[in-house]
Amino acid sequence: MAARLWRAPLFAMKIATWNVNSIKVRRDNVVRWLREAEPDVACLQELKCTDEAFPHVAFEDLGYNVAVHGQKTYNGVAILSKFPMEDVRPGLPGDAEDDQARYLEAVISRDGGVVRVASIYLPNGNPADSPKYDYKLDWMARLKAHAEQLLSYEEPLVLAGDYNVIPAEEDVHDPDAWRDDALFLPETRGAFRAILNLGFTDAWRASSDEPHRYTFWDYQGGAWQKNHGIRIDHLLLSPQAADRLMACNIDKAPRSWQKPSDHVPIWAELAF
DNA sequence: ATGTCAGAATGGTTCTGA
């Protein structure tokens, strides 16, 4: 009889990401979803507000610790965590001139389990013939370099956020309509694969063979009603996190609520 | 008219970014 190697998990850590498109407008929707989904960790993007203006109390009242890397008008990322956060680091290394608030990282510590989590708002990059696309590709190269550094720690790591990357044809309702878009160009998808190929697992793709499941539907043209969506919000798992992956899902209901974000939450559960 | 939304500067409308 072989030795019994398996043991029952002690607990699960549910880690989510959601581009909220203004935390001031979306506060009550986010509170509602946190009550329903009860994630242990929630990474938020596109806060569109400063650290001071962030509605800390609404989330602290639900039992979350709050880390914010805000910015006036644009961008802004946060991490909400039921457990204490250490080593909180705002900003993506690699360019001292870059003042856009698009990256925040923290170590979540719980008895018997530690996971490093990043909240990522990767540049959109449109139009693709403009300097905005160069900035997107530069940012992706910096993310790759930093991710390589983080992988060397050999710990559970989740890079969660709005990547503004459609990985494959099956992740968009009409590939031809997006062919020349900065979210779907071959160079964009190649840069995304270069990050994955460092050793990351796309949590959604590891959990489901189902094509045409989306995390974003444009406000324009009735995209939600017609299910003309794209999958651009991703959870990338280090090997030590991927080994613990129990479940991953997209919560599309919030897109049908009043005053919705154009994105919906996606989450993964890791067993410890 | 991208059949839209959010923020900001403005002066009640127009611009930017997505």
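To find a chain, count down the sequence lines: A is the first, B the second, and so on, and within it residues start at 1.
A salt bridge links Arg89(A) with Glu105(A): the closest approach of a Lys/Arg side-chain nitrogen to an acidic carboxylate oxygen falls below 4.0 angstrom.
Between Lys72(A) atom NZ and dA8(B) atom C1' the separation is 7 Å, expressed in whole Å. Atom CH2 in Trp257(A) sits about 18 Å away from atom P in dC5(B), given to the nearest Å. One can place NE2 of His228(A) at 14 Å from C1' of dG3(B), the figure rounded to the nearest angstrom. If you measure from atom CD of Gln71(A) to atom C1' of dA8(B), you get 14 Å, rounded to the nearest angstrom. The interatomic distance linking Asn75(A) (CG) with dA6(B) (C1') rounds to 13 Å, in whole Å. Between the CH2 atom of Trp224(A) and the C1' atom of dC5(B) there is a distance of 17 Å, rounded to whole Å. Between the CZ atom of Arg27(A) and the P atom of dG7(B) there is a distance of 13 Å, rounded to whole Å. Spacing between atom CG of Asp262(A) and atom P of dT2(B) amounts to 18 Å, rounded to whole angstrom units.
Side-chain heavy-atom separations under 4.5 angstrom define the hydrophobic clusters, and the remaining members of the one that includes Ile166(A) are Val172(A), Trp178(A), Leu183(A), Phe184(A), Phe216(A), Ile230(A), Ile232(A). Membership of an apolar cluster is not assigned to Val57(A), as no side-chain contact below 4.5 Å to another ILVMFWY residue is traced. Taking Ile, Leu, Val, Met, Phe, Trp and Tyr as members and joining any whose side-chain heavy atoms lie under 4.5 Å apart, directly or through other members, the hydrophobic cluster of Val107(A) also contains Val114(A).
Taking atom P in both dG17(B) and dA1(B), the straight-line distance is 23 Å, to the nearest Å. With P as the reference atom, dC15(B) and dG11(B) are 13 Å apart, rounded to whole Å.
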Strictly under 3.5 Å: I want the nitrogen or oxygen pairs between protein and nucleotides 14-17 of chain B, one per line.
residue : atom : partner   : partner atom : Å
dG17(B) : OP2  : Lys132(A) : NZ           : 3.4

Tabulate below the donor-acceptor pairs under 3.5 Å that side-chain atoms of residues 186-195 of chain A make, not counting sequence neighbours, or state none.
residue   : atom : partner   : partner atom : Å
Thr188(A) : OG1  : Tyr133(A) : OH           : 2.7
Thr188(A) : OG1  : Ala182(A) : O            : 2.8
Arg189(A) : NE   : Pro167(A) : O            : 3.3

Atom pairs and distances, donor-acceptor, side-chain atoms in residues 147-159 of chain A, under 3.5 Å, two or more places apart:
residue   : atom : partner   : partner atom : Å
Ser152(A) : OG   : Gln149(A) : O            : 2.6
Glu155(A) : OE2  : Arg116(A) : NE           : 2.5
Glu155(A) : OE2  : Arg116(A) : NH2          : 3.3

For residues 250-257 of chain A, dump all side-chain donor-acceptor pairs below 3.5 Å to protein atoms at least two apart in sequence or in another chain.
residue   : atom : partner   : partner atom : Å
Asp251(A) : OD1  : Trp267(A) : NE1          : 3.2
Asp251(A) : OD2  : Trp33(A)  : NE1          : 3.0
Asp251(A) : OD2  : Trp267(A) : NE1          : 3.3
Arg255(A) : NE   : Trp217(A) : O            : 3.3
Arg255(A) : NH2  : Trp217(A) : O            : 2.8
Arg255(A) : NH2  : Asp218(A) : O            : 3.3
Ser256(A) : OG   : Ala253(A) : O            : 2.7

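When the nearest nucleotides of DNA chain B are assigned to Pro123(A) and Ser22(A) by heavy-atom distance, the more 5′-ward of the two goes with Ser22(A). Residue Lys259(A) is the one, among Lys259(A) and Glu46(A), whose nearest nucleotide of DNA chain B lies closer to the 5' end (criterion: closest heavy atom).
Remark: Lys144(A) NZ is loosely packed, at most 12 non-hydrogen atoms of other residues, nucleotides or ligands lying under 6.0 Å away.
Near DNA chain B, meaning a heavy atom under 4.0 Å from it, residues 213-221 of chain A has Tyr219(A), Gln220(A) in order of number.
Sorted by first and then second residue, the pairs that involve residues 200-210 of chain A and meet salt bridge (charged side-chain N to carboxylate O under 4.0 Å, His left out), not counting sequence neighbours, are Glu170(A)-Arg205(A), Asp171(A)-Arg205(A), Asp202(A)-Arg231(A), Glu210(A)-Arg213(A).
Looking at the side chain of Arg26(A), the nearest of the listed nucleotides dA6(B), dA18(B), dG7(B) is dA6(B).
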